[in-house]
Amino acid sequence: MSDFLTSPHLLSVEDLTTDEMNGIFRTADSFLDLSSRTVKKVPSLRGKTLVNLFYEPSTRTRTSFEIAAKRLSADVINITTSQSSVVKGESLLDTVRTIEALGADGVVIRHPSSGVPEWISRRVGCHVINAGDGLREHPTQALLDLYTILKRMGRFEGLQVAIVGDILHSRVARSNIRALTRMGVRVRLVGPPTLIPADRKGWNVDVFYDLKEGIRDCDVVMALRLQLERATASFIPSLKEYARLYGISPQVLRLAKPDVLVLHPGPINRGIEIQDEESFHPHSGILDQVHFGVGVRMAVLYLLMAGQ
Amino acid sequence: MDPLNPPEPLPRPDSTSTGRKILLESDQIERMIRRMAHEILERNQGSRDLYLVGILQGGGALARRLAERIRSIEGKPVSLGTVDITLYRDDLSTRSAPPFLKESLLPESVDNKKIVLVDDVLFTGRSVRCALDLLMDLGRPTHVQLAVLIDRGHRELPIRADFVGKNIPTGRDEVVEVSLDPPRETVALLRRTIGKDHS
């Protein structure tokens, strides 16, 4: 357990002070240097075991955590619930207690129900890292989004960030709104009224229903994925209309600042949220997000798990 | 980022601790560094392929000083870098908090170089072990040598220095404090009990 991070778990961006976030970013800088080395591995978490427990599909988050942990020399076990005893009816708590009894030092958990990682963290002795719970939080995604903004724009203070799309179903948006506002960023939410939550209590944001207005003069555009698996399609008249009104295209980007940065947490529904990405390639930070994500997750794992 | 002008080092242990005894003053330190520079050049027959690598925190300033000397003797600059060994420490999992990382600055590849690892104080040898493992992960130097300003004994690993400024017998609970920041250049011996901090 770290003295630097006050919480032994990472469940929400609310667990982190701004100092702690900046400390994670500074540590991530050192870990990024590693990825240019011949041997991309350090022995800091040797002998520790991290379990990836995913109750929802994921490619980049799970892979990113796996690479991050392996570069720190931890042993990584991936459990995808469709191939585990969960299909035999094992309860969530039994699964996690079994993992703990097997000797895991940390569990990275993704679950469709909000609050599950927190509930687990109160019942086990190992570190719990939230990799997305329901509609609530995805803290490491917000951290890597902020880190990408910091690396590309050089600062947070005074930036205008437009989060565009399905905010209602997006835990990424919720984590980002909390983290960005704390760092002094002005956040705009842009999308159709049906996809912007009516209850915005505690959010210090500006809301725009018109993409052109919402994107005007902003520094960063964060496009969200239309979560078609969460029946988002029934919240909009048609995908085609959504793409026409809210898709990020080179034309609409001209309204933003000339050095605008475009982010997307992935996976992209091409032709819907993002159109013709190749044509605004220099403005895209989407692959940076993936690259920086490994460094940020290494920093989180190191700061949470290296001590004890 | 210029390895000749790295960021300010972290504060050293409090120099007002009890029983502080100055062992070496600035002029003595300067003569030792000059002799070590000559020894390094003699052993390696000049500065060709030579690469001085300071082990952070303490070795950075000494490596810089040795590089300046070697440059003035040979009339050409020598490769200089620093490495942070934090991630290679063998006591990470016994400490309550993982230490913050410092920035390694290696402007050139270590492949096919004659590396001289530089540290201010050689004690248990564990830092040197970390630095050796780190170097091997970075590439394949042809040789690795070790230069230290003070060898205080108490080795826990089979490691010895190739170039030594001065051997100083110490008690295990004492602290050798090296300051190479002008104007107060000193080596001091502090008599006090330290924790389980291996450096």
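Everything numeric in this text was worked out from a predicted model, so none of it was measured. Note on naming: letters A, B, ... go to the chains in the order of the sequence lines (proteins, then strands), and numbering restarts at 1 for each one.
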Chemist: Flag yes if more than 12 heavy atoms outside R46(A) fall under 6.0 Å of its CZ atom; otherwise flag no.
Modeler: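 For R46(A), atom CZ is not crowded (no more than 12 foreign heavy atoms under 6.0 Å).
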Chemist: Hey, which of S73(A), S44(A), S30(A) is the one that makes side chain to side chain contact (heavy atoms under 4.5 Å, CB included) with L87(B)?
Modeler: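 One option only clears the test, and that one is S44(A).
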Chemist: Using a 6.0 Å cut-off, check whether atom CZ of R140(B) has over 12 heavy atoms from anything other than its own residue.
Modeler: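 Atom CZ in R140(B) is not packed in, count stays at 12 or less.
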Chemist: Within this structure, what is the CG-CG distance for the pair L101(B) and L303(A), rounded to the nearest 0.5 Å?
Modeler: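 The CG atom of L101(B) sits 7.5 Å away from the CG atom of L303(A).
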Chemist: Can we say D137(B) and K41(A) salt-bridge, meaning some charged N sits less than 4.0 Å from an Asp/Glu carboxylate O?
Modeler: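 No salt bridge links D137(B) with K41(A).
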Chemist: Evaluate whether atom NZ of K166(B) has more than 12 neighbouring non-hydrogen atoms of other residues, nucleotides or ligands under 6.0 angstrom away.
Modeler: no
Chemist: Taking atom CZ as the centre, does R123(A) end up with more than 12 heavy-atom neighbours from other residues, nucleotides or ligands that are less than 6.0 angstrom away?
Modeler: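 Correct, the count exceeds 12.
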Chemist: Side chain, backbone, both or neither: which part of R26(A) has a non-hydrogen atom closer than 4.5 Å to chain B?
Modeler: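 Just its side chain gets close to chain B.
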Chemist: Using 0.5 Å steps for rounding, measure from the CG atom of L134(B) to the CZ atom of R37(A).
Modeler: 5.5 Å
Chemist: Looking at every heavy atom in both Y302(A) and P98(B), which two are closest together, and how far apart are they?
Modeler: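 So the two residues come closest at O-CG, 3.6 Å.
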